[in-house]
Amino acid sequence: MTVGATIKGSKPNARRAQIGRAKRARTRKELVTAAFHVFAEKGFDVPVVADFIAASGVSRGTFYNYFQTREEILAAVADELAREINALILPVLSDLRDPAERVAASARCFIGMAARDPVRGAILVRMIPIAGGPLNEQMRRHAVALFREGVSSGRFKIESIQAAHDIGLGMVAMVVRTILGKKHVPANYTQVTVAMYLRSLGIQAREATRIATMALKIPIDPVGAVLSAIRRKQRPVG
């Protein structure tokens, strides 16, 4: 076989491989979307693998080509939610230069979007301790970069970036859990906890309060719109 023939033969193979990867990514996305709708409709703990298969319309074999357990697809849903939240938070941070303001805004946006819906909030809160940290690599890199910037500029006075990171994640998870679990939470609860967290990073009390209460427009996310639409359909007529 000549070199030219080998090159010509490799092009169709590369194209078929590309089509295969795209199809696989599309199927995985459809499975994750279907799983999200199952959680929204049936709650967090009730669904089983059969529910995800029925909602997605794929065969059992196809499902198990992508996910082996309910926990695996739950993790994938959490990862997708985290990506969507990250994409909405980053524009909010674009005009902020102070690392402390960026940390505070990130926490308030995440808490605000996660706490708006019990299903989405429960998934994110449940997955943080299971994942042992951020819900995806993008979230981890973003947080670590913020802490490093704060330390190098002298804004944060902390002994360990990892410890500050873990404490922040724990704070966010518990604030969301508290908001979802209680009917009456003070309107400024998120700002108060974020201010206390900033103080743990070395920010003075008055400054921490100013930063935690600064005007901030929490993004309206498409995930919340999807869940609201589902709930409207579920409401009994009359």
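Throughout, residue positions are numbered sequentially from 1 according to the sequence presented.
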| said: Using only atom types and a distance under 3.5 Å, with no angle test, would you say the side chain of Tyr197 pairs donor to acceptor with the backbone of Ala164? | reply: yes
| Sidechain-backbone polar pair: Asp51 side chain, Val48 backbone, donor-acceptor under 3.5 Å |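 Yes.
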Do [X] and [Y] make a side-chain contact, defined as non-hydrogen atoms from C-beta onward lying under 4.5 Å apart?
| X | Y | result |
| --- | --- | --- |
| Ser200 | Met171 | no |
| Thr190 | Val175 | yes |
| Asn86 | Arg83 | no |
| Phe147 | Leu201 | yes |
| His165 | Gln162 | yes |

Rounded to the nearest 0.5 Å, what separates atom [atom1] in [X] from atom [atom2] in [Y]?
| X | Y | atom1 | atom2 | value |
| --- | --- | --- | --- | --- |
| Arg102 | Arg97 | CZ | CZ | 7.0 Å |
| Ile158 | Ile167 | CD1 | CD1 | 9.0 Å |
| Phe156 | Leu146 | CZ | CG | 7.0 Å |
| Leu31 | Phe63 | CG | CZ | 6.5 Å |
| Cys109 | Leu88 | SG | CG | 9.0 Å |
| Ser59 | Asn65 | OG | CG | 7.5 Å |

Within one Ile-Leu-Val-Met-Phe-Trp-Tyr cluster: [X] and [Y], side-chain cutoff 4.5 Å:
| X | Y | answer |
| --- | --- | --- |
| Val192 | Val176 | no |
| Tyr189 | Ile111 | yes |
| Met113 | Met174 | no |

| query | So Tyr64 and Val49, side chain to side chain contact (heavy atoms under 4.5 Å, CB included) or not? Walk me through it. | reply | CA-CA 10 Å; Tyr64 282 113; Val49 167; 3.6 Å; yes
| query | Around Met196, counting heavy atoms of other residues, nucleotides and ligands shown, do more than 12 lie under 6.0 Å from its CE? | reply |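 No, because the 6.0 Å sphere around CE of Met196 holds 12 heavy atoms or fewer from other groups.
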| field | CZ (Arg210) with more than 12 external heavy atoms under 6.0 Å | value |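 Atom CZ in Arg210 is crowded, with more than 12 foreign heavy atoms closer than 6.0 Å.
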| Can His142 and Leu93 be said to form a side chain to side chain contact (heavy atoms under 4.5 Å, CB included), step by step? | CA-CA 11 Å; His142 171 68; Leu93 306 183; 3.5 Å; yes
Carboxylate-amine/guanidinium contact [X] [Y], below 4.0 Å:
| X | Y | result |
| --- | --- | --- |
| Arg155 | Glu207 | yes |
| Lys29 | Glu80 | yes |
| Glu101 | Arg108 | no |

| field | Worked check of side chain to side chain contact (heavy atoms under 4.5 Å, CB included) between Ile211 and Asp98 | value | CA-CA 10 Å; Ile211 293 171; Asp98 178 8; 4.0 Å; yes
| query | Under the side chain to side chain contact (heavy atoms under 4.5 Å, CB included) criterion, do Tyr66 and Glu72 qualify, and how do the steps go? | reply | CA-CA 9 Å; Tyr66 295 85; Glu72 284 187 10; over 6 Å; no
For a quick test of reading the model, state the closest non-hydrogen atom pair linking [X] to [Y] and the distance between them.
| X | Y | result |
| --- | --- | --- |
| Glu149 | Ser152 | O-OG, 3.1 Å |
| Ile73 | Ala35 | CD1-CB, 3.5 Å |
| Leu198 | Ala100 | CD2-O, 3.8 Å |
| Arg70 | Pro47 | CD-O, 3.0 Å |
| Val194 | Ala107 | CG2-CB, 4.2 Å |
| Val185 | Ile179 | CG2-CA, 4.2 Å |

| query | Can the positive tip of Arg28 be found less than 6.0 Å from the middle of the six-membered ring of Phe67, inside 45° of the ring normal? | reply |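 Here Arg28 fails the 6.0 Å and 45° test against Phe67.
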